[in-house]
**Q** 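Can you keep this structure in mind? I'll have questions shortly.
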2 protein chains.
Amino acid sequence: MPHDITPPRQETRIQARNRATIREAALQVFSKYGFRGSTLDQIAAEAGLSKPNLLYYFRSKDAIYAELLSSLLETWLDPLKEMRPDGDPVEEIMGYVRRKLRMSQEFPRESRLFANEILQGAPHIGAELSGNLKRLVDEKCTVIRGWARDGKIADIHPHHLIFSIWSLTQHYADFDVQVRAVLGEEDPFDGAEAYLTQVFHQTLKV
Amino acid sequence: MPHDITPPRQETRIQARNRATIREAALQVFSKYGFRGSTLDQIAAEAGLSKPNLLYYFRSKDAIYAELLSSLLETWLDPLKEMRPDGDPVEEIMGYVRRKLRMSQEFPRESRLFANEILQGAPHIGAELSGNLKRLVDEKCTVIRGWARDGKIADIHPHHLIFSIWSLTQHYADFDVQVRAVLGEEDPFDGAEAYLTQVFHQTLKV
DNA sequence: GTCTATAGTCTGATAGAC
DNA sequence: GTCTATCAGACTATAGAC
């Protein structure tokens, strides 16, 4: 008769917590300085751990960054996936705009992490861009093109419509410092939602 | 009787050329990796000069970066300054959009340099943003608000209108890699001009 | 003006005690 | 699992020969 069966415990609670702490600290640092501009010292200090302890949980600086990026890419594309071909065209697109703007408001560091990666030429996720991302975007563009052909929305270039949604929403996260410097006391996101609603309603109107 | 008067020659032609070469190389590198992520080795290699020679022309890494940023800031704001209060409102704004898009096309590295600086919290030009930039933008917003009050353009939030112009045009420079990955063969700027014209005409229409 | 050599610091990663 | 100590390499900047 066998001993008590010990399940192959992959990760203790402490391990999970520490890995989460490191990811959080790494997001904070990488999103600000990009991969090359960030140091393990900064991340360790931010996490309240020693540098060797960091490397006990992650094999290398690159490993932390890679895990962050790939785990976030999914989250980042979810709002677009939610766009349904059988819904009301204008409402589906406006819903996407609102979800994307909310993500910029709630997860500005994630937005800046991607912005940094793309700015530097997307060395870690270049393949993902011309692979999964392009596939998803092309698919949604077919849907949008169909809506335009049926006269449900204005006749616009679907790819550029999507670029404009990315650009306008992410701007409030990525250029936060500039937006706030120019606006002064006024809250950026209050005005942003109203303005973007106005812009896209006008743009989509037949 | 005095000797031949030697004018206080501030800079020889060779010096001017070398400094220009360094600025060009620095722009290439800094725009890609940001200040912290760039190294003098990279810039020296790009310029075809030795590292000590770089530091003969510029006191420090910081000095190169600072000179680049401040000399470009002017160029970057020019298109907005050209917007005339006494012109046709829609044409003035559309002209600004076109000038800004052309700058993204012709000077993508300059755009990415600023993007990197802002992403990292604008440590070198933070004061400029809430000073000169805010002043200029506020002034133009007063003009735009006047146009809206007179019924010449739609009633929109002027600050967010300007943010949207920055965001939509700079996106094609800053996220160039992503845009091209998604578009495939198609040239981004061909479609961009048509799309942006459409968007802003609709948005400004009374 | 441009080079080689190098000082002094920072960086990613490892070794080994506890 | 976490620490101190430390390595090898990269980094900014300077010294000094030519």
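Worth saying up front: this structure is predicted, and the values here are computed from it rather than measured. Every chain is numbered from 1 and lettered A, B, ... according to where its sequence line falls, protein lines coming before strand lines.
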**Q** If you round to the nearest 0.5 Å, how far is CG of B:Leu183 from CZ of A:Phe163?
**A**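 Result: 4.0 Å between the selected atoms.
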**Q** Check this one for me: any side-chain N or O of B:Tyr56 less than 4.0 Å away from OP1 or OP2 of C:dT2?
**A**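 So the side chain of B:Tyr56 is outside the cut-off, no N or O lying under 4.0 Å from OP1 or OP2 of C:dT2.
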**Q** Among side-chain atoms of A:Gln198 and B:His160, is any donor-acceptor pair under 3.5 angstrom?
**A** no
**Q** May I have the distance from A:Arg19 (atom CZ) to D:dG1 (atom P), rounded to whole angstrom?
**A** 12 Å
**Q** Using the closest heavy atom to pick a nucleotide of DNA chain D for each, name whichever of A:Arg36 or A:Tyr57 lands nearer the 5' end.
**A**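 Counting from the 5' end, the first nearest nucleotide belongs to A:Tyr57.
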**Q** Parallel under 30°, tilted from 30 to 60°, perpendicular over 60°: which one fits the rings of A:Phe189 and A:Tyr172?
**A** tilted
**Q** Can you check the B:Gln15 CD to C:dT2 C1' distance for me, whole Å?
**A** 13 Å
**Q** Between B:Thr12 and C:dG1, is there a contact of a side-chain N or O with OP1 or OP2 at under 4.0 Å?
**A** yes
**Q** Looking at the side chain of A:Leu55, which of D:dT2, C:dT11, C:dT14 is the nearest nucleotide?
**A** C:dT14
**Q** Would you mind reading off the distance between A:Ile22 atom CD1 and C:dA13 atom P, rounded to a whole angstrom?
**A** 13 Å
**Q** Nearest heavy atom decides the nucleotide; on that basis, is A:Arg59 or A:Gln42 closer to the 5' end of DNA chain C?
**A**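 Counting from the 5' end, the first nearest nucleotide belongs to A:Gln42.
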**Q** Side chain of A:Ser50: nearest nucleotide among D:dT4, D:dT12, C:dA5?
**A**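 Between D:dT4, D:dT12, C:dA5, the one nearest the side chain of A:Ser50 would be D:dT4.
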**Q** Any chance CD of B:Glu74 has more than 12 other-residue heavy atoms, nucleotides or ligands included, within less than 6.0 Å?
**A** no
**Q** Mind calculating the distance between CG (A:Asp41) and P (D:dT4) to the nearest angstrom?
**A**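 Distance check: A:Asp41 CG to D:dT4 P gives 13 Å.
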**Q** Tell me: CD1 of B:Ile43 to C1' of D:dT12, nearest whole Å?
**A**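 Interatomic distance, CD1 of B:Ile43 to C1' of D:dT12: 11 Å.
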**Q** Counting heavy atoms from C-beta on, name the nucleotide in C:dC3, D:dT2, D:dA13 closest to the side chain of B:Asn53.
**A**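 My answer, after comparing the listed nucleotides, is C:dC3.
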**Q** Tell me whether the count of non-hydrogen atoms from other residues, nucleotides or ligands lying under 6.0 Å of CD in A:Glu193 goes above 12.
**A**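 It does not: A:Glu193 CD has 12 such atoms or fewer within range.
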**Q** In this structure, how many angstroms lie between the C1' atom of C:dC10 and the NZ atom of B:Lys61, rounded?
**A**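 After rounding, the reported distance stands at 12 Å.
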**Q** Grab the CZ-C1' distance between B:Phe58 and D:dT14 for me, whole Å please.
**A** 18 Å
**Q** Starting the side chain at C-beta, find the nucleotide from D:dA13, C:dT11, D:dC11 nearest to A:Thr39.
**A**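 For the A:Thr39 side chain, the nearest candidate turns out to be C:dT11.
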**Q** Can you tell me the distance, in whole Å, between the CG atom of B:Leu54 and the P atom of D:dT14?
**A** 13 Å
